[in-house]
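Indexing begins at 1, ligand by ligand and atom by atom, following the structure's order.
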Amino acid sequence: MFCNIYTLALALLGFVVLLNFLYINFWGLLQLAHSILAPYFIAHEENTTLAKKYGSWALITGSTDGIGKAYATELAKRGINLILVSRNKEKLENTAREIESKYSVKTKIITADFSQGVKAIDIIKNELGSIEIGILVNNVGKQYEYPMYLEEVPEEDLWDIVNINVGAVTMMCRAFIKDMKKRGRGAIVNVSSGSELQPLPFMTVYAATKAYIKSFTTSLRYEYGEYGLTIQHLSPFFVNTKMNRFCERFQKTTYIVPDAEMYARYAVSTLGKQDKSTGYWCHGVQYFLAEIAPEWLRMHIGGQMNKFLRNEYLNKIKSS
Ligand SMILES: NC(=O)c1ccc[n+]([C@@H]2O[C@H](COP(=O)([O-])OP(=O)(O)OC[C@H]3O[C@@H](n4cnc5c(N)ncnc54)[C@H](OP(=O)(O)O)[C@@H]3O)[C@@H](O)[C@H]2O)c1
């Protein structure tokens, strides 16, 4: 009899724990399923849907390389005209030419350096004239050269990381959201990172800026949700771009580390469908699994991984 009650109590406890787990992770599971299936459900009319829904021009920051360039190309594939913004005029011209040769869209390039603060925003606003931005993709971001202790990161780099990852995203949103609100349509995509999930030793400041983007974007969505705007935050894990050049392992394309083109193909298909997403199915799996572990454990694993990558990088430098 005692044994039966004991067993029943344990079963009940297990059931409650399971319910709690499912409740907490249900949304994550839905997101995961969606990020895996989304690209297979792109209807033909999607080519015109984004333009109809948000407007015919998109502005993408950091669009001459990596995720920004691939994201811009995906938008062009869907008939969206592009404003490409980066620091290097020649790279911008080449990117614009490359995209226009493949897709019948208009492009305009703007040379601006987001480490310059509000000056960059003024340049962009002046250059745009009367062009209405329907989709704003705040993609530009700066990372450490390799995993470092805070004292080792050059002062200028630290300042730029905060200015670019936090300042530029905030001010770009402020610069365009008022017009979107007036028009009652528009989309803002803020590119964060899987490092938003928990503090990340040896990439401490970078991860902190991405936690800011997550908090900022979530809050902004609440503020402007009632005006019909889409405000999405994207949290990629590792993507094979020059940002990760410190690690050879991340310079090889795999399912876990996709190239920017593969990543963007998935990420753009979540626009207007998911408010927050990793943007790519395999990163959805990683995010889901990571969230199950407690924050201290995730931080510890991340810290140890970065320590390993740091030593690997420093040994490589020493021996070359
Ligand atoms: N790659 C990853 O594994 C990964 C993972 C998670 C999140 N992310 C995030 O994804 C975003 C894109 O990363 P990515 O890997 O594609 O980067 P990337 O390959 O290094 O490309 C960065 C782009 O930004 C431009 N840029 C850099 N500094 C700039 C500045 N001060 N002003 C204006 N433009 C600038 C670069 O062009 P110019 O140098 O010609 O100006 C380039 O077009 C970032 O926000 C990053 O944090 C990346």
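Checked against Gln232 for a side-chain contact (heavy atoms from CB on, under 4.5 Å), the options Thr270, Ile188, Asn190 give a single hit: Thr270. Considering Leu82, Asn81, Thr95 in turn, Leu82 is the only one that fulfils the side-chain contact (heavy atoms from CB on, under 4.5 Å) rule with Thr107. Residue Phe250 is tested with Phe238, Tyr313, Tyr146, Phe237 for a ring pair (Phe, Tyr, Trp, His ring centres under 6.0 Å); the sole match is Phe238.
Within the 4.0 Å heavy-atom shell around ligand 1 one finds Lys242. At least one heavy atom of Lys91 sits under 4.0 Å from some atom of ligand 1. Remark: distances from the non-hydrogen atoms of Ala112 to ligand 1 include one below 4.0 Å. Residue-ligand proximity: Ser63 is placed with a non-hydrogen atom under 4.0 Å from ligand 1. Residue contact check for ligand 1: Phe250 places no non-hydrogen atom closer than 4.0 Å to it.
Among Tyr263, Phe237, Phe114, the residue whose heavy atom lies closest to atom 4 (C) of ligand 1 is Phe237. The option with the heavy atom closest to atom 29 (C) of ligand 1, from among Lys69, Arg87, Arg245, is Arg87. Checking Gly141, Ser192, Ser235 against atom 7 (C) of ligand 1, the nearest heavy atom belongs to Ser192. With atom 11 (C) of ligand 1 as the reference point, the heavy atom nearest to it among Asn139, Ile67, Ile213, Asn240 is part of Asn139.
More than 12 heavy atoms of other residues, nucleotides or ligands shown are found within 6.0 angstrom of CG on Leu289. Atom CD of Glu100 sits in a crowded spot, with more than 12 heavy atoms from other residues, nucleotides or ligands closer than 6.0 Å. Surrounding CD of Gln304 are more than 12 heavy atoms belonging to other residues, nucleotides or ligands, all under 6.0 Å away. More than 12 heavy atoms of other residues, nucleotides or ligands shown are found within 6.0 angstrom of NZ on Lys316.
Given atom 21 (O) of ligand 1, the protein heavy atom at minimum distance is Asp65 CB, 3.7 Å. Ranking the protein heavy atoms by distance from atom 43 (O) of ligand 1 puts Thr64 OG1, 2.8 Å first. If you check which protein heavy atom lies closest to atom 6 (C) of ligand 1, you get Pro236 O, 3.2 Å. Taking atom 24 (O) of ligand 1 as the reference point, the nearest protein heavy-atom neighbour is Gly62 CA, 3.1 Å. Among protein heavy atoms, the minimum distance from atom 17 (O) of ligand 1 is reached at Met243 CE, 3.9 Å. The shortest contact between atom 47 (O) of ligand 1 and any protein heavy atom is with Tyr206 OH, 2.7 Å. Among all non-hydrogen protein atoms, the one lying nearest atom 35 (C) of ligand 1 is Val140 CG2, 3.4 Å. Given atom 31 (N) of ligand 1, the protein heavy atom at minimum distance is Asp113 OD1, 2.8 Å.
Taking only nitrogen or oxygen atoms, main chain and side chain alike, Thr241 reaches within less than 3.5 Å of ligand 1. Considering backbone and side-chain atoms alike, Ile164 places every N or O at 3.5 Å or more from each N or O of ligand 1.
Note on Glu261 versus Arg265: no salt bridge recorded, every NZ/NE/NH1/NH2 to OD/OE distance being 4.0 Å or above. Between Lys276 and Glu196, no side-chain nitrogen of the basic residue sits less than 4.0 Å from a carboxylate oxygen of the acidic one, so the salt-bridge criterion is not met.
At a heavy-atom cutoff of 4.0 Å, ligand 1 is contacted by the side chain of Lys210 but not by its backbone. Neither the backbone nor the side chain of Leu92 comes within contact range of ligand 1; no heavy atom lies under 4.0 Å. Residue Ala120 does not touch ligand 1, judged by heavy-atom distances below 4.0 Å.
Heavy-atom proximity to Gly66, at under 4.0 Å, picks out these atoms of ligand 1: 16 (O), 19 (O). Atoms of ligand 1 found under 4.0 Å from any heavy atom of Phe238 (numbered from 1 in listed order, with element): 3 (O). Close contacts of ligand 1 with Asn244, meaning ligand atoms under 4.0 Å from a residue heavy atom, involve 1 (N), 2 (C), 3 (O).
For Tyr206 and Tyr144, the ring centers are positioned 6.0 Å apart or more. Between Tyr280 and Tyr266, a ring centre-to-centre spacing shorter than 6.0 Å is recorded.
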Legend entry - Test side chain to side chain donor-acceptor pair (under 3.5 Å) applied to Asn240 and Thr253, step by step: CA-CA 6 Å; Asn240 179 358; Thr253 300; 3.0 Å; yes
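Between Tyr224 and Tyr227, the two ring planes are tilted [angle within 30° to 60°].
In this structure, Lys125 is positioned above the aromatic face of Phe176, its NZ or CZ under 6.0 Å from the six-membered ring centre and within 45° of the axis. For the pair Lys77 and Tyr103, the NZ or CZ position fails the cation-pi test of under 6.0 Å to the six-membered ring centre and within 45 degrees of the ring normal.
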